[in-house]
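To start, the structure itself, in structure tokens.
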Protein chains: 2
Amino acid sequence: MTLALPDMICFALYSATHAMQHVYKPLLDDLGLTYPQYLVLTALWEQDKQTVGALGRQVQLDSNTLTPLLKRLEERGVVTRTRDDRDERQVNITLTDAGRALQGRAAHIPACVLEKSGLSLEDLTRLRDQITTLRDHLRGA
Amino acid sequence: MTLALPDMICFALYSATHAMQHVYKPLLDDLGLTYPQYLVLTALWEQDKQTVGALGRQVQLDSNTLTPLLKRLEERGVVTRTRDDRDERQVNITLTDAGRALQGRAAHIPACVLEKSGLSLEDLTRLRDQITTLRDHLRGA
DNA sequence: TGCGATTAAATCGTATGCGATACATATAGC
DNA sequence: GCTATATGTATCGCATACGATTTAATCGCA
């Protein structure tokens with residue numbers, strides 16, 4: 001049995017993710033951020049000063065992806081990277097003033113995405129929860 | 001207003017897509033395929049001999065991604081790439097015997113994914129349609 | 001205390017994605 | 001028929017993703 005692309009749930013997720021990033025692109029270009037960088041900053045706006053590992057657990061990325069990404073954010077002056085005093089294996093990521101300032105400039109983005117989605121907030125919330133449930137099943141949780 | 005990661009529909013899609021690809025990984029490793037390569041072959045199993053552009057419209061990728069991907073599939077002996085006689089701008093992608101043979105070796109994959117999803121076929125189908133609707137809205141269709 | 005096992009980041013190699021551009025062929029309008 | 005435009009691929013540069021390995025620091029336990 002071979003399913004065609006439109007029948008595959010995996011392709012629905014794959015293409016919807018790309019469509020979503022396409023919506024974010026012009027909004028994030030204004031802030032000079034890429035989409036994964038925006039996710040990392042979202043985690044830091046919620047809780048500042050986190051280790052690379054802690055950030056990775058939230059955005060589901062490992063240090064092989066995060067380290068270069070965080071170095072680019074550091075070069076842009078958005079975060080600082082400092083070795084932890086207690087445990088020198090860990091690197092703490094901290095927002096700079098410029099990094100905190102980006103939160104305000106990004107505040108309008110969720111409403112833009114909601115509008116582009118063409119769905120009500122209720123429908124979108126319900127869909128989000130279903131997708132999250134599927135993800136957790138796939139992860140074997 | 002700033003949403004936290006777990007509240008964001010975009011992050012649900014993003015992380016679910018990664019989780020899905022993680023499920024496919026060991027299944028596709030057996031076939032020596034990457035996930036996007038598998039999507040392209042799925043389109044070719046449905047309809048052989050398609051141009052780069054036609055494949056791109058189905059998998060939602062442009063030639064900048066497809067050309068190197070198709071060259072790798074050609075190197076593996078899975079497809080052939082030949083200029084069209086009528087219109088030399090176009091390149092026809094055709095399955096080889098080895099490429100067609102992969103369809104049988106991939107036939108068990110949908111059932112594996114269904115099982116890992118932890119959802120019924122009905123629920124999964126309904127979810128797929130909702131995600132597809134969201135995607136089409138985001139694309140501005 | 002000392003040393004093997006574990007942990008946290010970083011590094012390396014390969015394969016996407018994608019914006020921007022280049023190149024070749026085909027088409028349209030005169 | 002000739003040229004301007006349009007179309008289909010390919011190329012280039014940059015930023016993810018991620019498996020595998022490396023390096024440095026900490027921990028566990030005899």
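Chain A is the first sequence line, chain B the second, and so forth, proteins listed ahead of strands; every chain is numbered from 1.
Protein atom CG of L70(A) is 13 Å distant from nucleotide atom C1' of dA15(D), rounded to whole Å. Atom CG of D85(A) is separated from atom P of dA25(D) by 13 Å (rounded to the nearest Å). Q90(B) has its CD atom 13 Å from the P atom of dT7(D), to the nearest Å. Note: CG (L69(B)) to C1' (dT14(C)) measures 13 Å, nearest angstrom. Between R86(B) atom CZ and dT27(C) atom P there is a gap of 12 Å when expressed in whole angstrom units. For Q50(A) and dA8(C), the CD to C1' distance is 15 Å, given to the nearest whole Å. The distance from atom CG of N92(B) to atom P of dA10(D) is 11 Å, rounded to the nearest whole Å.
Y24(B) and Y38(B) have tilted rings, their planes meeting at an angle from 30° to 60° on a 0 to 90° scale.
Between dA10(D) and R81(B), a contact under 4.0 Å exists linking OP1 or OP2 to a side-chain N or O. K71(B) has no side-chain polar atom (N or O) that falls below the 4.0 Å cut-off from OP1 or OP2 of dA15(C). For dA10(C), one of the phosphate oxygens OP1 or OP2 lies less than 4.0 angstrom from a side-chain nitrogen or oxygen of T67(A).
With hydrogens and angles ignored, the 3.5 Å screen pairs a side-chain donor or acceptor of D87(A) with a backbone N or O of R89(A). Side-chain atoms of W45(A) come within 3.5 Å of backbone N or O of G99(A) as a donor-acceptor pair. The backbone N or O of G32(B) sits less than 3.5 Å from a side-chain atom of R76(B), completing a donor-acceptor pair. Remark: the backbone N or O of N92(A) is not paired with any side-chain donor or acceptor of T51(A) at under 3.5 angstrom.
Nucleic acid contact for D87(A): sugar-phosphate only, since backbone atoms but no base atoms lie under 4.0 Å from a heavy atom of the residue. Nucleic acid contact for L66(B): none, since no nucleic acid atom lies under 4.0 Å from a heavy atom of the residue.
Within 6.0 Å of CD in E46(A) there are 12 or fewer heavy atoms belonging to other residues, nucleotides or ligands. Applying the 6.0 Å contact sphere to CD of E74(B) captures more than 12 heavy atoms from other residues, nucleotides or ligands. Within a 6.0 Å radius of NE2 in H18(B), other residues, nucleotides and ligands contribute more than 12 heavy atoms.
Which of dT16(D), dT9(D), dC12(C) sits closest to the side chain of N64(A) comes down to dC12(C). In the set dT26(D), dA9(C), dA17(D), dA9(C) carries the atom at the smallest distance from any side-chain atom of V91(A).
Side-chain contact, Q130(A) with R126(B): no donor N or O sits under 3.5 Å from an acceptor N or O. Residues Q58(B) and Q50(B) have side chains that bring a donor and an acceptor to within less than 3.5 angstrom of each other.
In the region residues 51-62 of chain B, proximity to DNA chain D at under 4.0 angstrom, judged on heavy atoms, holds for T51(B), V52(B), G53(B). The stretch residues 16-44 of chain A touches DNA chain D through T34(A), P36(A), Q37(A), each having a heavy atom within less than 4.0 Å of the strand.
In terms of polar N and O atoms assigned as donor or acceptor, the side chain of S63(A) never comes within less than 3.5 Å of the base of dA8(C) in a complementary pairing.
Summary of the strand contacts: R89(B) and R72(A) both lie near DNA chain D, and taking for each the nucleotide with the nearest heavy atom, the more 5' one is attributed to R89(B).
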